[in-house]
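Data first, discussion second: the structure below is written as structure tokens.
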Amino acid sequence: LLSRDKLDDETWEEIEDTLLLADLGVPGTTELVERLRTRVKVEGVSDPERMRQILREELLTSVNPDMDRDLDVLRNGRDPGVVLVVGVNGTGKTTTTGKLARLLVAEDKDVVLGAADTFRAAASEQLQTWGDRVGVPVVRGPEGSDPASVAFDSVAAGIEGECDTVVVDTAGRLHTKVGLMDELGKVKRVIEKQAPVTEVLLVLDATTGQNGMTQARVFAEVVDITGIVLTKLDGTAKGGIVVSVQRELGVPVKLVGLGEGPDDLAVFEPETFVDAIID
Amino acid sequence: SLSDRLTNTFKGLRGKGRLSEQDIDNTVREIRMALLDADVALPVVRAFCARVKERALGSEVSEALNPAQQIVKIVNEELIAILGGDTRRLRFAKNPPTIILLAGLQGAGKTTLAGKLAGHLKSQGHQPLLVAADLQRPNAVDQLQIVGERVQVPVFAPEPGNGIGDPVDVARRAKSEAELKLHDIVIIDTAGRLAIDEDLMNQLRSVGEAVQPDETLLVVDAMIGQDAVNTAVLFDQQVGFDGVVLTKLDGDARGGAALSVVGVTGKPILFASTGEKPEDFEAFHPDRMAGRILD
Ligand SMILES: Nc1nc2c(ncn2[C@@H]2O[C@H](COP(=O)(O)OP(=O)(O)OP(=O)(O)O)[C@@H](O)[C@H]2O)c(=O)[nH]1
Ligand SMILES: Nc1nc2c(ncn2[C@@H]2O[C@H](COP(=O)(O)OP(=O)(O)OP(=O)(O)O)[C@@H](O)[C@H]2O)c(=O)[nH]1
Ligand SMILES: [Mg+2]
Ligand SMILES: [Mg+2]
């Protein structure tokens with residue numbers, strides 16, 4: 001990007017293309033380009049290298065580098081931390097649940113997993129495999145049973161065992177399905193009869209386009225999300241949709257998924273994210 | 001909707017008489033934004049808008065009573081032409097079994113689709129065989145077995161998966177199994193993979209070379225954004241596919257990916273998946289898709 005030696009209309013087009021291709025969307029791109037034009041005018045920029053620096057700065061600003069991205073997942077006094085993992089179908093919730101368990105086990109924490117996807121074929125088996133792989137117990141229920149009761153049981157097990165963290169995996173559901181969103185709200189309420197949910201992670205696939213914004217809005221309304229996990233960032237997609245999600249909802253991206261193995265989970269780093277877009 | 005946006009653009013032009021090229025450019029700009037909002041990939045938007053501009057400069061618009069509506073009509077026609085151009089049915093082999101290979105990114109909906117396709121073909125009088133060739137995702141073999149049970153289609157799962165077994169070997173053996181047990185259709189489920197994962201793309205190509213599929217279907221999530229182009233082009237270059245299935249159309253994603261994928265590969269979308277149940281499966285409707293993208 002900006003590898004030629006002059007600044008002209010083509011440069012602006014190149015910048016706009018880069019942002020659009022990263023799934024920043026039309027309003028996000030337009031707004032960022034406006035800020036760049038203002039700075040270029042005010043600062044009298046004419047060299048592409050300086051332009052590139054400014055673009056990097058402005059893109060970094062729009063990702064809000066000072067946001068608090070801490071995970072509130074550990075025991076607080078009498079209650080284990082309770083993490084609820086939510087999102088639409090196929091984004092990587094179950095895999096992320098397993099990776100999160102691995103992260104905590106590596107820090108010597110006691111973890112229980114709740115297989116509250118009682119609907120999809122072999123969902124609890126999949127989470128069981130993850131539990132076995134990373135060395136944590138998994139609470140399951142019969143297929144087709146009430147997800148809220150499995151969630152409840154997993155939190156009860158976490159309290160009973162004086163664990164540090166309970167991570168509850170839920171079924172993928174499209175935000176447009178009112179019945180399923182109601183069910184998710186109920187899962188959260190039922191858990192909170194015993195212990196507060198300390199972290200609600202919305203799992204977003206990095207390949208998602210503008211629909212990611214709608215997903216986040218609805219999930220935020222129904223279960224009040226506290227963090228985003230951006231998965232499959234090891235692919236070619238840039239995940240630019242999170243820029244508008246963070247801005248509009250004030251919810252930080254806390255983690256990124258970088259592969260299918262237990263260790264492929266990292267803390268979200270604004271600089272790395274920005275460099276991947278403009279490099 | 002695009003119709004509203006263009007009507008607004010044209011409000012300022014009333015009584016101006018002939019449309020200038022600038023007027024057309026402003027209109028095409030609105031179309032470009034509408035398509036990008038709908039997640040159509042940028043290179044496809046460019047090519048599409050160039051084509052629309054070409055037509056918009058012609059007499060069909062300059063002599064139209066309602067130029068805005070005429071341009072919307074052009075956009076709709078061009079969209080349907082691309083989306084529906086080569087639309088066709090599933091191709092069966094002259095000599096059975098017909099081999100269908102499913103491919104795509106992680107989580108696109110392949111395993112679920114395998115069941116739907118099997119159920120649909122069985123209801124049409126075929127004897128399909130499902131093949132569990134995803135030996136890597138945890139319990140993918142179990143998932144396919146359950147999916148197969150739900151539509152009462154047998155599943156060939158000689159390897160347990162979870163890291164054990166070779167997909168190329170399973171595919172080969174599945175073909176022999178189908179010939180032996182007289183299944184006229186073989187549907188092979190494979191592991192989701194990134195288009196830039198060389199090893200896994202080589203593996204998928206090897207599966208194809210081993211069994212020579214009659215149809216390789218790229219399964220694409222309707223909510224995918226700009227990455228649709230990279231994915232489609234790389235899968236086509238590295239493995240090759242014959243048709244596309246668009247999934248999760250029961251959501252409210254605009255689905256611009258449909259135009260992106262067909263636009264860059266020329267391959268037709270054959271089916272639409274519209275839910276998680278086996279019956280949530282239908283032929284792809286280009287006109288409905290066009291309406292959804294322009295909405
Ligand atoms: N490359 C890559 N693949 C991932 C990542 N996270 C998850 N996956 C893969 O994405 C696919 C779907 O993952 P799941 O964990 O089953 O997704 P899910 O959200 O639980 O799916 P549902 O429960 O069916 O809604 C699997 O093939 C995972 O291995 C990631 O960060 N990178
Ligand atoms: N709402 C909806 N969900 C779907 C549709 N197709 C698949 N799903 C769901 O999407 C999720 C992923 O589906 P899978 O069939 O496991 O996807 P996959 O491509 O096999 O995933 P990998 O094998 O990990 O690459 C599951 O929760 C499915 O139930 C659809 O058309 N609509
Ligand atoms: Mg899951
Ligand atoms: Mg699968």
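Order of the sequence lines sets the chain letters (A, B, ...), proteins ahead of strands, with each chain counted from 1.
- Checking each of A:T207, A:T208, A:T214 against B:M223 for a side chain to side chain contact (heavy atoms under 4.5 Å, CB included) leaves exactly one that passes, namely A:T208.
- Across A:Q210, A:K177, A:Q215, the residue that shares the most heavy-atom pairs under 4.5 angstrom with chain B is A:Q210.
- Nearest heavy atoms, B:P138 versus A:R133: CG-NH1, 3.9 Å.
- The choice from B:R32, B:R137, B:Q136, B:E149 that makes the most heavy-atom pairs within less than 4.5 Å of chain A is B:R137.
- Residue A:L21 is tested with B:L42, B:D227, B:V229 for a side chain to side chain contact (heavy atoms under 4.5 Å, CB included); the sole match is B:L42.
- Counting heavy atoms of neighbouring residues, nucleotides and ligands inside a 6.0 Å radius, atom CG of A:D279 exceeds 12 of them.
- Distance check: A:D205 CG to B:D221 CG gives 7.0 Å after rounding to the nearest 0.5 Å.
- Within the 4.5 Å cutoff, the side chain of B:Q143 has no heavy atoms near those of the A:Q126 side chain.
- Using modelled atom types and a 3.5 Å distance limit, the side chains of B:E276 and A:N89 yield a donor-acceptor pair.
- Taking CG from B:D250 and OG1 from A:T176, the interatomic distance works out to 6.5 Å, rounded to the nearest 0.5 Å.
- Contacts of B:D197 with chain A are absent, with no heavy-atom separation under 4.5 Å from either backbone or side chain.
- Within the 4.5 angstrom heavy-atom criterion, no atom of A:Q128 approaches chain B.
- With no hydrogens or angles considered, a side-chain donor-acceptor pair links A:N211 and B:D252 at under 3.5 Å.
- Contacts between A:K238 and chain B at a heavy-atom distance below 4.5 Å are absent for every atom of the residue.
- Checked for salt-bridge contact, A:E16 and B:R46 miss the test: no charged N lies under 4.0 Å from a carboxylate O.
- Closest of all the heavy-atom pairs between B:V147 and A:A121 is CG2-CB, 4.4 Å.
- Contact annotation for B:D37: both backbone and side-chain heavy atoms come within less than 4.5 Å of a heavy atom of chain A.
- Across A:A122 and B:D142, no two heavy atoms sit closer than the pair CB-CB, 3.9 Å.
- To the nearest 0.5 Å, atoms CZ (A:R120) and OG1 (B:T112) are separated by 7.0 Å.
- Using a 4.5 Å heavy-atom cutoff, the side chains of A:K232 and B:Q106 are in contact.
- Only the side chain of A:E260 comes within contact range of chain B, judged by heavy atoms closer than 4.5 Å.
- No side-chain donor-acceptor contact under 3.5 Å links B:N230 to the backbone of A:T236.
- Side-chain atoms of A:T129 and B:N139 form a donor-acceptor pair, as typed in the model, at a separation below 3.5 Å.
- Heavy-atom minimum distance, B:Q226 versus A:L20: CG-O, 3.2 Å.
- Minimum heavy-atom separation, A:D234 to B:I196: O-CD1, 3.5 Å.
- Looking at B:L105, the atoms closer than 4.5 Å to chain A (heavy atoms on both sides) all sit in the side chain, from C-beta outward.
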